[in-house]
Amino acid sequence: MNVATQDQTATTTYTAARGCTAQAVYPVTINDDHTTAETLAWLGEQFGGQRVQTLPNPGMGSEDFSFVLNEVPGTFVMLATTPPDIDADTTEFSHSPRVYFDDAVLGDQTAALANLAWPKLASDADPE
């Protein structure tokens, strides 16, 4: 059973146990292993290993990024914005009205995204 089938089965089972029905509309987000390894290495080099983590229990959320990763190899990256005086394990998520953002990281985030995109854009432009 592939991941997408497992996701639909889990959705159907979970909702049926509660007397409801549901249909998963987002495919599962599946990162490309090679791209993920390159991304983690580059982010670690640029920002220090203490600022780069792999989530022990990643979640899919409802990101439409899964549609992109079905078409091209890539990796889903979350860039934290939790202020240093707030416990990142208990803070609200980005779509909560109670979330707090640390604007001091915006420059790093911009640099990270631009520099991760640049090699891909350059390789796609190379006619060879």
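These numbers were taken from a predicted model, which means no experiment stands behind them. Only this structure's heavy atoms are used, side chains among them; waters, hydrogens and symmetry mates stay out. Sequence positions, counted from 1, serve as the residue numbers for this chain.
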K.L.:
Can you sort out the partners of Glu92 under salt bridge (Lys or Arg N to Asp or Glu O under 4.0 Å), two or more places apart, ordered by chain and number?
P.N.:
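Salt bridge (Lys or Arg N to Asp or Glu O under 4.0 Å) list for Glu92, sorted by chain: Arg98.
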
K.L.:
To the nearest 0.5 Å, tell me how far Met78 CE sits from Leu55 CG.
P.N.:
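It is 4.5 Å, given to the nearest 0.5 Å.
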
K.L.:
Side-chain heavy atoms under 4.5 Å apart, restricted to Ile/Leu/Val/Met/Phe/Trp/Tyr: what other residues fall into the cluster of Val99, or is it alone?
P.N.:
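Other cluster members: Phe101.
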
K.L.:
For atom CG of Asp33, decide whether the heavy atoms of other residues, nucleotides or ligands shown that lie under 6.0 angstrom number more than 12.
P.N.:
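It does not: Asp33 CG has 12 such atoms or fewer within range.
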
K.L.:
Are Val77 and Val52 linked, directly or through other ILVMFWY residues, by side chains that come within less than 4.5 angstrom of each other?
P.N.:
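Same cluster: Val77 reaches Val52 through Ile, Leu, Val, Met, Phe, Trp or Tyr contacts under 4.5 Å.
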
K.L.:
Would you mind listing the cluster partners of Tyr100? Hydrophobic ones only (ILVMFWY), side-chain contacts under 4.5 Å, chaining allowed.
P.N.:
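Ile86, listed by chain and number.
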
K.L.:
Set out, in order, the CA-CA distance, both residues' side-chain angles and the distance that settles side chain to side chain contact (heavy atoms under 4.5 Å, CB included) for Leu69 and Ile30, then state yes or no.
P.N.:
CA-CA 7 Å; Leu69 293 181; Ile30 302 173; 5.9 Å; no

K.L.:
Does atom OH of Tyr14 have more than 12 heavy-atom neighbours, drawn from other residues, nucleotides or ligands, at distances under 6.0 Å?
P.N.:
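Not buried by this count: 12 neighbours or fewer within 6.0 Å.
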
K.L.:
For residues Asp102 and Pro84, determine if any side-chain heavy atom of one lies less than 4.5 Å from a side-chain heavy atom of the other.
P.N.:
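When only atoms from C-beta onward are counted, Pro84 and Asp102 do touch, with a gap below 4.5 Å.
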
K.L.:
Nearest 0.5 Å, please: how far is CD in Glu45 from CG in Leu40?
P.N.:
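Leu40 atom CG to Glu45 atom CD measures 11.5 Å (nearest 0.5 Å).
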
K.L.:
Would you find a donor on one side and an acceptor on the other, under 3.5 Å apart, between the side chain of Thr91 and the backbone of Asp87?
P.N.:
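Not confirmed, Thr91 side chain does not pair with Asp87 backbone.
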
K.L.:
Set out, in order, the CA-CA distance, both residues' side-chain angles and the distance that settles side chain to side chain contact (heavy atoms under 4.5 Å, CB included) for Leu43 and Leu116, then state yes or no.
P.N.:
CA-CA 9 Å; Leu43 289 171; Leu116 287 169; 4.2 Å; yes

K.L.:
Which is it for Thr39 and Thr35 under the side chain to side chain contact (heavy atoms under 4.5 Å, CB included) test, yes or no, and what are the steps along the way?
P.N.:
CA-CA 6 Å; Thr39 299; Thr35 304; 4.0 Å; yes

K.L.:
Which atoms form the tightest heavy-atom contact between Ala88 and Thr82, and what is the distance?
P.N.:
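Shortest heavy-atom separation between Ala88 and Thr82 comes out as CA-CG2, 4.1 Å.
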
K.L.:
Hey, quick one: are Phe76 and Val72 part of the same hydrophobic cluster, counting side-chain heavy atoms closer than 4.5 Å, chains of contacts allowed?
P.N.:
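Both belong to a single hydrophobic cluster.
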
K.L.:
Are any non-hydrogen side-chain atoms of Leu113 and Leu79 less than 4.5 angstrom apart?
P.N.:
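In short, these two side chains touch, coming nearer than 4.5 Å.
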
K.L.:
Does atom CD of Gln109 have more than 12 heavy-atom neighbours, drawn from other residues, nucleotides or ligands, at distances under 6.0 Å?
P.N.:
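Yes.
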
